[in-house]
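Since the structure comes first, as structure tokens, the remarks are kept for the end.
Reminder, nothing fancy here: chain letters follow the sequence lines and each chain counts from 1. Worth saying up front: this structure is predicted, and the values here are computed from it rather than measured.
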2 protein chains.
Amino acid sequence: MSTAEPVPAPDVVFAALGDPTRLSLVARLSDGQSRSIAVLSADTELTRQAVTKHLRVMEEAGLVEVARVGRESRYTFRPVALDAARAYLEMVSRQWDDALGRLKSFVEE
Amino acid sequence: MSTAEPVPAPDVVFAALGDPTRLSLVARLSDGQSRSIAVLSADTELTRQAVTKHLRVMEEAGLVEVARVGRESRYTFRPVALDAARAYLEMVSRQWDDALGRLKSFVEE
DNA sequence: GAAATACGCAACCATTTTGTTGCGCATTAC
DNA sequence: GTAATGCGCAACAAAATGGTTGCGTATTTC
């Protein structure tokens with residue numbers, strides 16, 4: 001049953017990715033290293049609290065996982081949600097390609 | 001030079017996908033058929049104007065294209081933006097996989 | 001030409017989102 | 001033990017979002 005934690009609906013994941021700040025957080029965390037909020041908000045224009053809020057949104061979307069270690073909250077990237085989003089996009093793409101294929105064979109006959 | 005129309009930044013595309021109504025519009029339009037606003041808003045709970053606004057957002061994100069034909073505005077799916085989004089996700093995934101790979105070989109040596 | 005269809009625009013409203021600041025608490029460093 | 005660090009919570013403000021309604025205009029249809 002892995003870690004339970006169902007992957008949220010695709011639109012939630014996309015919404016979480018649909019913000020420059022959050023997208024850059026994903027990009028940074030996708031190297032596998034977990035980072036504290038302080039570190040993550042260090043080279044941002046934003047406040048620590050603002051970054052915290054963004055991280056909460058990402059957590060709701062299943063994109064990251066948080067674990068308290070000592071006095072800091074370490075956030076870790078979680079690939080499942082992103083895989084789900086990717087699968088969704090591929091599904092739509094496939095439908096599009098199929099439609100193109102049908103059109104083509106219709107024209108050619 | 002194709003049709004110019006540069007693909008917007010990934011976060012804009014993701015934001016456009018990050019809404020259930022818009023996501024279902026994408027799903028419907030990805031069959032290649034262009035549809036009028038009236039048709040698209042027919043089996044929705046929403047007003048025509050609400051759907052119009054969503055379609056505008058999608059157009060800004062490069063997900064659809066609009067063309068006036070007679071008295072109706074036909075919206076057509078446009079795969080480029082979606083491909084860009086997909087490419088972005090794959091980039092992040094690759095970075096994640098690489099990180100895992102490095103970790104694994106480090107542990108194993 | 002009159003009625004019906006399809007739409008655009010603008011104003012407006014409620015809610016959500018994004019961000020801030022202030023404060024208090026736990027944990028670590030010295 | 002005192003100071004510094006890292007964080008959470010709550011209150012607040014501003015802006016963006018998602019939606020509605022009313023009205024005017026162009027295009028078909030009959």
Spell out protein contact along nucleotides 17-30 of chain C as letters: B when the base is contacted, S when just the sugar-phosphate is, - when no protein heavy atom is under 4.0 Å; keep the 5' to 3' order.
-SBBB-----BBS-
Taking every heavy atom of A81(A) against every heavy atom of V13(A), the minimum-distance pair comes out as O-CG1, 3.9 Å
Kindly say whether V69(B) contributes a backbone atom to a donor-acceptor pair with the side chain of S73(B) at under 3.5 angstrom?
no
Near DNA chain C, counting only heavy atoms under 4.0 Å, which residues of residues 27-35 of chain A show up?
none
If Ile, Leu, Val, Met, Phe, Trp and Tyr residues are connected whenever their side-chain heavy atoms lie under 4.5 Å apart, and connections chain through other members, are L23(A) and L89(B) in the same group?
yes
Tell me whether the side-chain N/O atoms of S73(B) come closer than 4.0 Å to OP1 or OP2 in dA6(C).
no
Whole-Å gap separating [atom2] ([N]) and [atom1] ([X]):
X: D11(A); N: dG18(D); atom1: CG; atom2: C1'; answer: 14 Å
X: L55(A); N: dC7(D); atom1: CG; atom2: C1'; answer: 12 Å
X: I37(B); N: dA26(D); atom1: CD1; atom2: P; answer: 17 Å

R71(A): which residues meet the salt bridge (Lys or Arg N to Asp or Glu O under 4.0 Å) condition with it, sequence neighbours left out?
none
Qualifying residues under salt bridge (Lys or Arg N to Asp or Glu O under 4.0 Å), relative to D97(B), sequence neighbours excluded
none
Contact class for R56(A) vs. all strands (heavy atom < 4.0 Å): base, sugar-phosphate, or nothing?
sugar-phosphate
Can you pull the side-chain hydrogen bond (donor to acceptor under 3.5 Å, both in side chains) pairs that have at least one residue in residues 28-39 of chain A, sequence neighbours excluded?
R28(A)-D43(A), S30(A)-Q95(B), D31(A)-R35(A)
All pairs passing salt bridge (charged side-chain N to carboxylate O under 4.0 Å, His left out) where residues 79-92 of chain B contributes a residue, at least two apart:
D83(B)-R86(B)
Using C1' atoms of five pairs at each end, report the bend of the helix from dG1(C)-dC30(D) to dC30(C)-dG1(D) rounded to 10 degrees.
30°
Can you give each donor-acceptor pair under 3.5 Å made by side-chain atoms of residues 49-62 of chain A, sequence neighbours left out, with the distance rounded to 0.1 Å?
| from | atom 1 | to | atom 2 | distance (Å) |
| --- | --- | --- | --- | --- |
| T52(A) | OG1 | R48(A) | O | 2.9 |
| H54(A) | ND1 | R22(A) | NH1 | 3.2 |

Which pairs pass ring-ring contact (aromatic ring centres under 6.0 Å, His included) with one or both residues in residues 76-103 of chain B, sequence neighbours excluded?
F77(A)-W96(B), W96(A)-F77(B)
For D11(B) and L17(A), what are the C-alpha separation, side-chain angles and deciding distance, and is it a side chain to side chain contact (heavy atoms under 4.5 Å, CB included)?
CA-CA 6 Å; D11(B) 68 276; L17(A) 296 173; over 6 Å; no
With F14(B), which residues qualify under ring pair (Phe, Tyr, Trp, His ring centres under 6.0 Å), at least two apart?
none
